[in-house]
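Atoms considered below: every heavy atom in the structure, side chains included; atoms not considered: hydrogens, waters and symmetry mates. The shown structure was predicted, so the numbers you read here are calculated from the model rather than taken from an experiment.
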Amino acid sequence: MKLSTQTQATLALMTELNAQLFTLCENDKSLSDERTIYNQDGYEIQIKEFKYTLDLSTVKPKTPIELANTIILPPAHISFSTGVYGINLGTSTANTAEKLGPPSVIITLNNQEEMWGYGRNLWFTYSADKLTSISSEWSNLNSSGKNSIGFRSGFDDIHWLVDGVVPQNSQIEQVRNSLSQYDIKESQTEIIITEKNRSLKLKFEVFHPEAKNKPELLLTHFTLTASQHQTKKNTRPPLTPKQVHWFYEHLQPKNVEKLTLKSLLNQIPQTSKINIANDNMQWWLVGDNVFLQFDDNTLSQAHIKASIFKDSKNSPFLQSIKSLQLPLTKQGMLASYKNAIDNYDEIEVSQEHFNIIAKFESEMDNAAMYDLIFTYY
């Protein structure tokens, strides 16, 4: 239908109507739903179909460090009302990750417990996926263990505030006066305040900022727990003899193709995860001292070193080397691999499908090994 409007000098409106008439079939008075092969301008209608196949294996998900860098963190406040960094007791791991990003490290503990670390100085303990404790310290890690975790901006480079008014490193007198509205119990190096069913322990350490005879007690650590929560030593499930045998058998270069990430987690479900290590890469921790890196599902590197835990027993590094049936000394490694390159206190071995870098305590022939890296091809 065509509609045109003209305006005359007398202001009268003239309207012209054009209509296209359709002749309906004698036996069917309804309009057809089928489109004609031509459009209203007389052009033939072209219909084309396209199919796209997307290979999901080519779509790389963001790494933990990339995801962490996209998160805008809540203020570093500690209080009964808002918890720690806006995370309250009872929160699930999923809600924590949504607010704070992926944890730097996830350590598997006994009794359905997990320890989530953000950077090197913030630790969340979960029991059956419910947050039971938050602390600025975890005493189980030794210095090597802490240094294996990547420095995390927003956690490791910032001072937290208690109730938004008492900053970390405050003197004990300032803390006591600023929190006087709470029920306070005080010992020589601790202040414990409670509210309802929660408890906040503030730990102080002795510093000598001016002279040895003028010590100061400064606020260094905190622990927020539910009052009924019994503080206990966090323990990790040890590898069973069967798991140890399976793991070191498959860590051998000749069997390493069978050591996939899927098979590892199936055989050793208590494997822990270093999401953001000090190289910003993701590693899997087996036992106390073996770090594994995977390219998707394929093992690419194994780093065997001293235990990262204080309570580790039986010299796990030496046990690992023995389980791999490797010599413990530099002289023994040179004898086992004739093509080894002697770099004084380090030996490098290149084979067709793997490479070894072994580090020793000195360049002497009888020097003991203390670090071993396998790279698989």
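- When hydrophobic residues (I, L, V, M, F, W, Y) are linked wherever their side-chain heavy atoms come within less than 4.5 Å, Tyr344 remains an isolated member.
- For Gln351, the side-chain contact (heavy atoms from CB on, under 4.5 Å) criterion is met by Tyr337, Asn339, Val349, Phe354, not counting sequence neighbours.
- Within a 6.0 Å sphere centred on CD of Glu257, heavy atoms belonging to other residues, nucleotides or ligands number 12 at most.
- Closest of all the heavy-atom pairs between Asn289 and Ser320 is ND2-OG, 3.2 Å.
- Residues Lys359 and Met369 have side chains not in contact (no heavy-atom distance under 4.5 Å, counting atoms from C-beta outward).
- Side-chain contact between Glu363 and Lys330 is present, with heavy atoms from C-beta onward closer than 4.5 Å.
- Contacts of Thr235 classified as side-chain contact (heavy atoms from CB on, under 4.5 Å), with partners at least two apart in sequence or in another chain: Asn110.
- The structure places CD of Gln267 at 12.5 Å from NZ of Lys262, a figure rounded to the nearest 0.5 Å.
- Atom OG1 of Thr260 is separated from atom CG of Asn297 by 4.5 Å, given to the nearest 0.5 angstrom.
- In this structure, the side chain of Lys99 does not engage the main chain of Ile87 through any donor-acceptor pair within 3.5 Å.
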Working for salt bridge (charged side-chain N to carboxylate O under 4.0 Å, His left out), residues Glu137 and Lys203: CA-CA 10 Å; Glu137 62 177 344; Lys203 182 178 177 180; 3.5 Å; yes
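- Smallest separation of non-hydrogen atoms from Thr132 and Ser127: CG2-CB, 3.8 Å.
- Connection of Ile172 to Trp160 is established within a shared hydrophobic cluster, with ILVMFWY side chains joined at heavy-atom distances below 4.5 Å, either directly or through further cluster members.
- Between Val286 and Ile268 there is a side-chain heavy-atom pair separated by less than 4.5 Å.
- Among Ile78, Leu89, Thr225, the single residue meeting the side chain to side chain contact (heavy atoms under 4.5 Å, CB included) criterion with Ile134 is Leu89.
- Note on Leu202: it does not cluster hydrophobically with Phe207, by side-chain heavy-atom contacts below 4.5 Å among ILVMFWY residues.
- The side-chain tip of Lys305 points at the ring of Phe291 from less than 6.0 angstrom away and within 45° of straight on.
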Evaluate Phe360 against Asn343 for side chain to side chain contact (heavy atoms under 4.5 Å, CB included), listing each step before the verdict. CA-CA 10 Å; Phe360 300 87; Asn343 294 320; over 6 Å; no
Evaluate the side chain to side chain contact (heavy atoms under 4.5 Å, CB included) criterion for residues Leu251 and Leu292: first the C-alpha distance (whole Å), next the side-chain angles of each, then the deciding distance (0.1 Å), finally the verdict. CA-CA 10 Å; Leu251 200 58; Leu292 304 180; 4.0 Å; yes
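- Distance CG/Asn366 to CG/Leu328: 12.5 Å, rounded to 0.5 Å.
- One finds the CG atom of Asn147 at 7.5 Å from the CG atom of Asn278 (value rounded to the nearest 0.5 Å).
- Between Asn169 and Leu219 the shortest side-chain heavy-atom distance does not fall below 4.5 Å.
- The two residues Ala358 and Leu372 make their nearest non-hydrogen contact at CB-CD1, 3.9 Å.
- One side chain, Ser135 or Thr223, offers a donor N or O that lies under 3.5 Å from an acceptor on the other.
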Taking distance alone, no hydrogens or angles, what donor-acceptor pairs closer than 3.5 Å link side-chain atoms of residues 309-317 to residues at least two apart or in another chain?
{"from": "Lys310", "atom 1": "NZ", "to": "Ser139", "atom 2": "O", "distance (Å)": "3.4"}
{"from": "Asp311", "atom 1": "OD1", "to": "Arg236", "atom 2": "NH1", "distance (Å)": "3.3"}
{"from": "Asp311", "atom 1": "OD1", "to": "Arg236", "atom 2": "NH2", "distance (Å)": "3.2"}
{"from": "Ser312", "atom 1": "OG", "to": "Asp288", "atom 2": "OD2", "distance (Å)": "2.8"}
{"from": "Ser312", "atom 1": "OG", "to": "Ser307", "atom 2": "OG", "distance (Å)": "3.3"}

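- Ser136 places a side-chain N or O within donor-acceptor distance of the main-chain N or O of Phe222, the cut-off being under 3.5 Å.
- Residue pairs that meet the side chain to side chain donor-acceptor pair (under 3.5 Å) test with at least one member in residues 368-377, sequence neighbours left out, are Gln301-Thr375, His303-Asp371.
- Under the side-chain hydrogen bond (donor to acceptor under 3.5 Å, both in side chains) rule, Ser104 has a single partner from Arg152, Arg120, Lys273, which is Arg152.
- Remark: aromatic rings of Tyr126 and Trp116 are close, center separation under 6.0 Å.
- Considering every non-hydrogen atom in both Gly83 and Leu224, the closest pair reads CA-CD2, 4.1 Å.
- Using a 4.5 Å heavy-atom threshold, the side chains of Gln293 and Gln282 count as separate.
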After noting the C-alpha distance and the side-chain angles of Trp246 and Leu259, does the key distance pass the side chain to side chain contact (heavy atoms under 4.5 Å, CB included) rule? CA-CA 9 Å; Trp246 179 90; Leu259 181 51; 3.4 Å; yes
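- By the rule that hydrophobic residues join a cluster once side-chain heavy atoms approach within less than 4.5 Å of another member, Val105 and Leu67 end up as members of separate clusters.
- Note on Leu218: it does not cluster hydrophobically with Val206, by side-chain heavy-atom contacts below 4.5 Å among ILVMFWY residues.
- Gln252 and Gln325 form no side-chain donor-acceptor contact under 3.5 Å, judged by distance and modelled atom types alone.
- Side-chain N/O atoms of Asp129 and Thr93 include a donor and acceptor closer than 3.5 Å.
- The ring of Phe155 has its center closer than 6.0 angstrom to the ring center of Tyr85.
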Side-chain donor-acceptor pairs under 3.5 Å in residues 187-194, sequence neighbours left out?
{"from": "Ser187", "atom 1": "OG", "to": "Glu190", "atom 2": "N", "distance (Å)": "3.3"}

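- Taking 4.5 Å as the limit, some side-chain heavy atom of Leu100 sits within range of a side-chain heavy atom of Tyr118.
- Between the side chain of Ser272 and the backbone N or O of Thr108 there is at least one donor-acceptor pair closer than 3.5 Å.
- To the nearest 0.5 Å, atoms CD (Glu205) and CG (Leu217) are separated by 9.5 Å.
- Taking all atoms of both residues into account, the shortest heavy-atom contact from Asn88 to Thr91 is O-OG1, 2.6 Å.
- With values rounded to the nearest 0.5 angstrom, Gln243 atom CD is found 4.0 Å from Gln270 atom CD.
- Looking only at distances, no side-chain donor or acceptor of Asp156 sits under 3.5 Å from a matching main-chain atom of Ser153.
- Hydrophobic clustering (side-chain heavy atoms under 4.5 Å, transitive across Ile, Leu, Val, Met, Phe, Trp, Tyr) keeps Ile276 apart from Phe124.
- Looking at every heavy atom in both residues, Ser79 comes nearest to Thr82 through OG-OG1, 2.7 Å.
- The closest donor-acceptor contact from the side chain of Thr96 to the backbone of Ser92 lies under 3.5 Å.
- Crowding of Gln112 atom CD: a count of heavy atoms from other residues, nucleotides or ligands under 6.0 Å not exceeding 12.
- Side chains of Ser350 and Asn355: a donor on one and an acceptor on the other come within 3.5 Å.
- Contact check on Glu195 versus Arg198 returns a salt bridge, with a Lys/Arg side-chain nitrogen under 4.0 Å from an Asp/Glu carboxylate oxygen.
- Taking the side chain as every heavy atom from C-beta outward, Asp365 and Thr329 never approach each other to under 4.5 Å.
- With Asp295 contributing its side chain and Thr298 its backbone, the two residues share no donor-acceptor pair below 3.5 Å.
- Using a 4.5 Å heavy-atom cutoff, the side chains of Met281 and Trp283 are in contact.
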